[in-house]
Visitor: 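A single structure is presented below for examination.
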Amino acid sequence: MNLLNTKTSIYKNASKKVYDITSERRAEYRQISKASRLAKRDAEQGLHEKVHEINKPLLDPNILMPQKQSNHLKTLSLFSGGGGLDLGFDRAGYKHIASYELIPICKDTFLANRPHWKVYAGPEEGDVTQVDWKKYKGEIDVIHGGPPCQPFSIAGEQKGLDDERNMWSEFTKAVNIIKPKVFVAENVLGLLNPKFEGFVKKYIIDAMSDYHITKFEMSASDFGVPQIRRRIFFVGFKNSKNSKIFKVPNPTHICEYTQKKSLFNPPIDDKSNLTFGVRKALGLSDIGYDNIAPTIRSGFTGKRNTTSVLNSSAGQKSWGDMEVWPNGVQINRESASAFPAKGNHFRLSIQDIGIIQGFPESWKFAGAAYQVLGQIGNSVAPPVAYNVAINVAKALKY
Ligand SMILES: C[S@@+](CC[C@H](N)C(=O)[O-])C[C@H]1O[C@@H](n2cnc3c(N)ncnc32)[C@H](O)[C@@H]1O
């Protein structure tokens with residue numbers, strides 16, 4: 001089943017546009033996939049020795065988000081995907097009430113991890129456009145969600161409001177009916193583009209005029225996640241006092257691999273809060289070079305059903321310098337180790353990609369490799385969500 005082939009034709013047609021790639025790019029994809037098929041055939045026929053040992057990662061993302069005791073704040077999750085925001089709020093001590101998500105396989109992911117949670121997924125029960133939110137009125141403290149962001153992403157065509165995949169109006173509708181104490185909305189950086197200033201004002205800020213809204217950017221590598229991943233957050237409180245107390249999360253980690261100066265200045269000899277590079281995070285041998293990963297591809301950009309996490313051609317070089325192969329990601333470490341990659345580079349598994357996105361291995365994803373990568377690539381890095389959730393709870397004085 002295709003991750004995207006789950007709902008209305010509007011959704012499908014809109015998705016198609018994203019896949020209108022150039023003929024050069026298509027040829028490049030074809031070449032990668034041919035090389036990959038041949039290598040896999042050779043591996044299956046036993047023509048290769050195992051080229052790498054099964055890796056034991058050094059980074060446990062749970063450490064980046066220590067489990068907090070219950071704060072009794074009740075959350076409703078919209079556009080839940082594979083659960084990045086949900087997991088961050090869960091670790092921060094919130095009480096999960098329900099999640100809504102269009103893609104059916106995401107329900108299996110949620111239930112594999114939190115069998116007792118109420119999860120509505122698939123076109124029949126998970127489509128937020130069909131939900132009568134009145135039943136949650138007065139029952140929810142926090143609504144969180146990442147409305148689909150292709151209309152604003154660099155990889156998309158930046159059509160904004162005209163794009164059928166703009167789901168902001170559904171998010172604001174839920175907030176205005178349910179009236180939670182606070183909402184947390186996440187989106188891609190493209191939304192900061194001056195081109196969308198009018199959109200942000202009219203369809204986000206003014207559309208939730210009862211809320212006092214703070215808009216800010218977060219970088220996953222400032223929170224110990226070994227990846228370049230910048231996202232924008234809108235946090236709106238109903239009560240202005242809470243909004244004044246709310247603080248944008250301070251970085252918890254220093255990332256030596258980014259050029260930008262961190263806001264965070266712990267004692268220089270304190271190495272406990274350095275963001276690991278990919279090789280170190282995954283427990284790979286020291287080759288004298290490491291780096292954080294380029295942004296992992298979102299499940300909605302580039303070629304469909306792919307098991308590549310490459311987001312751009314520039315990314316290929318960055319992965320190459322780390323001697324890590326970003327294509328043909330395998331369903332587990334055993335098959336990755338048995339399937340040699342070009343140039344003896346390390347072949348990734350979905351578990352490795354989960355770690356690079358800040359998911360602990362205890363969080364299991366359902367589906368085939370490409371479906372798992374789709375869920376991971378669309379998610380908020382859980383440690384980032386966690387740090388927002390902690391500061392929101394503080395602002396609500398819990
Ligand atoms: C950016 S992802 C959200 C990821 C999630 N916040 C996380 O952290 O893992 C957006 C999600 O919205 C879902 N979606 C799109 N249209 C929807 C609809 N009408 N109802 C429910 N979910 C929808 C997509 O399938 C996708 O999984």
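Hydrogens, waters and symmetry mates are skipped; everything else that's a heavy atom, side chains included, is used. Every number for a ligand or one of its atoms is a count from 1 in the order of the listing.
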Visitor: I'd like to check which ligand 1 atoms, numbered from 1 as shown, lie under 4.0 Å from a non-hydrogen atom of Gly82.
Guide: 9 (O)

Visitor: Looking at Ser80, which atoms of ligand 1 are within less than 4.0 Å of one of its heavy atoms?
Guide: 5 (C), 7 (C), 9 (O)

Visitor: Give yes or no for whether the N/O distance cutoff of 3.5 Å, strictly under, is met between Gly145 and ligand 1.
Guide: no

Visitor: Looking only at distances, please establish whether an N/O atom of ligand 1 is found under 3.5 Å from an N/O atom of Asp127.
Guide: yes

Visitor: Any idea which of Ser298, Gly126, Ala385 brings a heavy atom closest to atom 21 (C) of ligand 1?
Guide: Gly126

Visitor: Work out which heavy atom in Arg333 is nearest to a heavy atom in Ser349; give both atom names and the distance.
Guide: CG-OG, 3.6 Å

Visitor: Could Lys74 and Asp141 be called an ion pair, given the rule that one side-chain N must be under 4.0 Å from one carboxylate O?
Guide: no

Visitor: Does the gap between the ring centers of Tyr386 and Phe223 come in under 6.0 Å?
Guide: no

Visitor: Is there at least one pair of N or O atoms, one from Gly84 and one from ligand 1, spaced under 3.5 Å apart?
Guide: yes

Visitor: Should one rank Ile376, Leu102, Asp86 by closest heavy-atom distance to atom 17 (C) of ligand 1, which comes out on top?
Guide: Leu102

Visitor: Fit a plane to each ring of Phe110 and Trp363, take the angle between them on a 0 to 90° scale, and name the class: parallel (under 30°), tilted (30 to 60°) or perpendicular (over 60°).
Guide: perpendicular

Visitor: Could you list the donor-acceptor pairs under 3.5 angstrom formed between side-chain atoms of residues 280-288 and any protein atom two or more places apart in sequence or on another chain?
Guide:
residue	atom	partner	partner atom	Å
Ser285	OG	Arg279	NH2	3.2
Asp286	OD1	Gly288	N	2.8

Visitor: Checking Thr295 against Asn311: is there a side-chain donor and acceptor pair closer than 3.5 Å?
Guide: no

Visitor: List in chain and number order the residues that pass salt bridge (Lys or Arg N to Asp or Glu O under 4.0 Å) with Glu170, two or more places apart in sequence or in another chain; answer none if no residue qualifies.
Guide: Lys173

Visitor: Counting from 1, what ligand 1 atoms have a heavy atom of Gly146 closer than 4.0 Å?
Guide: 1 (C), 3 (C), 10 (C)

Visitor: Can you list the ligand 1 atoms lying under 4.0 Å from a non-hydrogen atom of Ser379?
Guide: 7 (C), 8 (O), 9 (O)

Visitor: Can you find an N/O atom of Met167 closer than 3.5 Å to an N/O atom of ligand 1?
Guide: no

Visitor: For a quick check under 3.5 Å, do Ser318 and Asp321 share a side-chain donor-acceptor pair by atom type?
Guide: no

Visitor: Return yes if some donor-acceptor pair links the side-chain N/O of Asp210 with the main-chain N/O of Asn176 below 3.5 Å, else return no.
Guide: no

Visitor: Using distance alone, decide if ligand 1 has a nitrogen or oxygen within less than 3.5 Å of any nitrogen or oxygen in Leu85.
Guide: yes

Visitor: Under 4.0 Å from a heavy atom of Gly83: which atoms of ligand 1 are those, numbered in the order shown and with their elements?
Guide: 9 (O)

Visitor: Say whether Ile103, considering both its backbone and side-chain N or O atoms, lies within less than 3.5 Å of an N or O atom on ligand 1.
Guide: no

Visitor: How about Trp133 and Tyr100: are their ring centroids closer than 6.0 Å?
Guide: yes

Visitor: Check Pro147 against ligand 1 and report side chain, backbone, both or neither, counting heavy atoms closer than 4.0 Å.
Guide: neither

Visitor: May I ask you to check whether Glu101 has an N/O atom sitting below 3.5 Å from an N/O atom of ligand 1?
Guide: yes

